[in-house]
Amino acid sequence: MMSASSGNRIRNNILTLAAAALLAVSLWLAPKYLDGYKIRIINLIAINAILGLSLNLIYGMAGMFSLGHAGFMAIGAYVSALLILTPEQKSMMWILDPIAPWLLNLHAPFYVSLLLAGIAAAFFGWLISLPILRLGGDYLGIATLGFSEILRILIANLTPITNGPIGLKGIPAHTNLWVSYGCLLVLLIAVIRLMGSNFGNVMRAVRDDEIAAETMGINTFRTKALAFTIGCFGAGVGGALMGNIITTIDAKMFTITQTYNILMIVVIGGLGSITGSILGSVIITTMLEWLRFVENPITIGAFKMDGKPGMRMVIFSILLVAVIIFRREGIMGMREFSWDWILSRPAAIRNRFASGETPKGGDLNG
Amino acid sequence: MFMQHFINALGLGSLYGLIAIGYTMVYGILRLINFAHGDIFMLGAYFVFFATIQYKLPWALGVFIAVMGAILSGLLVDLIAYKPLRDAPRISALISAIGVSFFIENASMVAFTARPQAVIQPKQLVEAFSVGDIRLVPLNIIVPAISFVLVGMLLWMIYRTKRGLAMRSISHDIETTRLMGVSVNRIIALTFAIGSGLAAVAGIMWALRYPKVEPLMGFTPGFKAFIAAVFGGVGSVPGAMLGGLALGFIEIMSVAFFPTLSGYKDAFAFVLLVIILLVKPTGLMGEKSEDKI
């Protein structure tokens, strides 16, 4: 018994390493065979997975409905961009108002800026969490959405710091496949370790029943604040990566639509499932790009249709409502990916056909 | 000068109030933030735009069509996106509401184009006249007047009729009300119809006041009206109107007296929201509710 399970563990570790090696090889080969547009989508998948994971940590795992993700992304994107841009670039860009003097010569390399972006967003998240985490459910959602909107208005108006409505241009495109997938991997390992730790259990307890958790002696407020802060760190890093791939940022980028896309990734993937967020990111990101054709002019024979901007989001909002109504738990529910499940599939399918039983819901944890 | 701002604030505030009533009634009954409410407001404005300007119908008929269209849209939204989720966790319904809101906004962008379109104001409504040293535009008087009449009628309905009684009863305890023989679903539909109708009226007056319509015009007023509803106390109709008026005054007066803050105008409402939620989450006239264990 003992040897079988440890044998399984060794087998699973080997499989995980093999999968990681496969991913590394494909990341190494990708730029040689794919064009810039496809590489960008592959990058976006990783960035959206980072954002999805961090929102999932806040909402799916700690049970706090937050609609403020775009705001924390904005903080990350702006902090990183302001640190990377050189003083020459900055002095050229601020045309409405002169730039704040202390900001002009502030400069940091990319990786430092990435870290500071996360820290700045986390600090803001922590600061905000102190007053608003006392609110529950939908009120928390509205309050975080409110904060995100205030932040956006501040960004559009604080010209000496943010260059106001013009935004920041010419950010060097530092984000490449290694950077984005490296960040995703680090976050993934951190979240898996976190959820496996005692703190993960505490978080789940607070999510499932806050009052019960409190009577068990858990400091629910501190738990929620910590989870929120970690999630905001992820949002900040994700925003910084996003800024460094698009190379232009302004306040309009970080509206509720941005939060909505990430929420969709989390909900469709499965609330509380790490695997779900990554699957969700792959599906949503590729679909968002693939569906661009519905917004382009279409010609079928003599039939011509003009491009319809907004059509993509029409399809997506229908999808989201349909998922919520018909399959609330998303693709994964709260389950996680495991090698045991994958490897048990062929046998399970064979058994099902052999015994002629009606298929039952699969047990991924099995 | 002060009177001018006062009348402006009264107009804006009563519009916020009218929209806020829809939020507050639905929240009072279903505990659901109807995110799509601001978009129903937008649809009302578009319907009247198409009826009167595109198809040249008389204004009275246009207003009737717009209100009916908005009521129908509100009922459809409830039927498709909220009704299947009555027994689901509240957050699921909220996500569905956000989805519906995005659907209406983007579908309108596809159907009506994203370009803002000018609304031609009827002459009688915008020809200014003077009372003493104040110059008045009839529209600015009519907007608060219509709003107050409608709110008066609504209050009468809620507190003096059987359906109003059923509505108040549902907001206290939906299960018991059902057992008392009230057809809960019909009352909920009625609530959505009233809210959507009032939103359409507000949308029409908004389109006349800022003479244009665009697909995203509902988001900011809708959100501010929601804040007004929270400020007044969610579930209370007079509270919603009061909250709307307060918000209108804060916005107009602060920009009037501190013009440098005009860029931050839209942030005031959010700051107000955060302050209320921290100081008195039940709002001015809201009932205290406690979580049951």
Side-chain angles (χ1 to χ4, degrees), chain A residues 59 63 65 67 128 131-132 134-143 145-154 156-159 164-165 209-212 215 255-257 259-260 263-264 266-267 271 294-295 308-326 328, chain B residues 27 31-33 35 80-85 88-114 215-216 219-220 223 226-227 230 234 261-279 281 291-293:
Chain A
Y59 178 25
F65 186 56
L67 289 174
I128 286 170
I132 67 171
R134 252 169 269 163
L135 303 167
D138 35 14
Y139 274 108
L140 179 65
I142 289 294
L145 178 55
F147 263 112
S148 168
E149 284 292 297
I150 292 175
L151 217 55
R152 208 166 58 77
I153 293 164
L154 284 181
N157 283 285
L158 284 176
T159 312
D209 193 333
E210 205 173 327
I211 296 167
T215 52
T255 55
I256 168 125
T257 313
T259 304
Y260 174 77
L263 185 68
M264 207 148 59
V266 176
V267 170
L271 277 175
V294 298
E295 294 192 353
K308 294 273 189 201
M311 204 61 183
R312 254 184 338 151
M313 294 314 283
V314 170
I315 294 172
F316 260 75
S317 41
I318 295 174
L319 185 68
L320 181 75
V321 174
V323 167
I324 279 291
I325 291 177
F326 297 113
R328 207 181 305 147
Chain B
Y27 194 92
R31 302 280 177 273
L32 163 73
I33 299 170
F35 253 88
I80 294 169
Y82 303 155
K83 209 171 170 192
L85 294 169
R90 271 163 60 195
I91 299 291
S92 299
L94 187 61
I95 294 175
S96 181
I98 298 174
V100 169
S101 162
F102 266 75
F103 171 75
I104 298 179
E105 280 170 16
N106 287 290
S108 316
M109 240 185 272
V110 171
F112 314 142
T113 76
L216 295 180
F219 179 73
T220 309
F223 206 99
F226 174 74
I227 294 171
V230 174
V234 178
L261 290 179
S262 61
Y264 298 96
K265 191 186 70 168
D266 288 340
F268 295 150
F270 295 107
V271 175
L272 183 71
L273 172 77
V274 174
I275 294 172
I276 310 158
L277 288 178
L278 297 181
V279 178
D291 284 335
K292 290 180 194 119
I293 299 173

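All chains are named by letter (A, B, ...) in the order of the sequence lines, taking the proteins before the strands, and each is independently numbered beginning at 1. Everything numeric in this text was worked out from a predicted model, so none of it was measured.
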Original post:
Contact part of B/Val271 toward chain A, heavy-atom cut-off under 4.5 Å: side chain, backbone, both or neither?
Top reply: both

Original post:
Which bit of A/Ile325 comes within less than 4.5 Å of chain B, counting heavy atoms only: side chain, backbone, both or neither?
Top reply: both

**OP:** Using non-hydrogen atoms and a 4.5 Å limit, figure out which bit of B/Ala107 sits close to chain A: side chain, backbone, both or neither.
**Re:** both

Subject >> Segment of B/Leu273 engaging chain A (4.5 angstrom heavy-atom cut-off) >> reply: side chain

**OP:** Go through B/Ser96, B/Ser108, B/Pro215, B/Ala97 and name the one with the most non-hydrogen pairs under 4.5 angstrom from chain A.
**Re:** B/Ser96

**OP:** Can you tell which part of A/Phe316 gets under 4.5 Å to a heavy atom of chain B, answering side chain, backbone, both or neither?
**Re:** neither

Subject >> side chain to side chain donor-acceptor pair (under 3.5 Å): pairs with one or both residues in residues 265-278 of chain B, sequence neighbours excluded >> reply: B/Lys224-B/Asp266

Original post:
Given a strict heavy-atom distance threshold of 4.5 Å, which part of A/Leu158 is in contact with chain B: side chain, backbone, both, or neither?
Top reply: both

Original post:
So B/Phe102 and A/Tyr260, would you call those rings parallel, tilted or perpendicular, with 30° and 60° as cut-offs?
Top reply: parallel

Original post:
Measuring heavy-atom distances to chain B, does A/Tyr139 have an atom under 4.5 Å in its side chain, in its backbone, in both, or in neither?
Top reply: both

Subject >> Structural part of A/Ile256 lying under 4.5 Å from a heavy atom of chain B >> reply: both

Original post:
What part of A/Phe326 is in contact with chain B, defined as an atom under 4.5 angstrom from a non-hydrogen atom: side chain, backbone, both or neither?
Top reply: neither

Original post:
In terms of heavy-atom proximity below 4.5 Å to chain B, should A/Ile315 be classed as side chain, backbone, both, or neither?
Top reply: neither

**OP:** Could you please spell out the steps behind the side-chain contact (heavy atoms from CB on, under 4.5 Å) verdict for B/Phe103 and A/Val321?
**Re:** CA-CA 9 Å; B/Phe103 171 75; A/Val321 174; over 6 Å; no

Subject >> Atom group of B/Ile104 that falls short of 4.5 Å from chain A, counting heavy atoms >> reply: neither

Original post:
Relative to the ring of B/Phe223, is the ring of B/Phe226 parallel (under 30°), tilted (30 to 60°) or perpendicular (over 60°)?
Top reply: perpendicular

Original post:
What residue in B/Ala93, B/Pro89, B/Ala114 has the most heavy-atom pairs under 4.5 Å with chain A?
Top reply: B/Pro89

Original post:
Got a sec, which residues hit salt bridge (charged side-chain N to carboxylate O under 4.0 Å, His left out) with A/Arg328, two or more places apart in sequence or on another chain?
Top reply: none

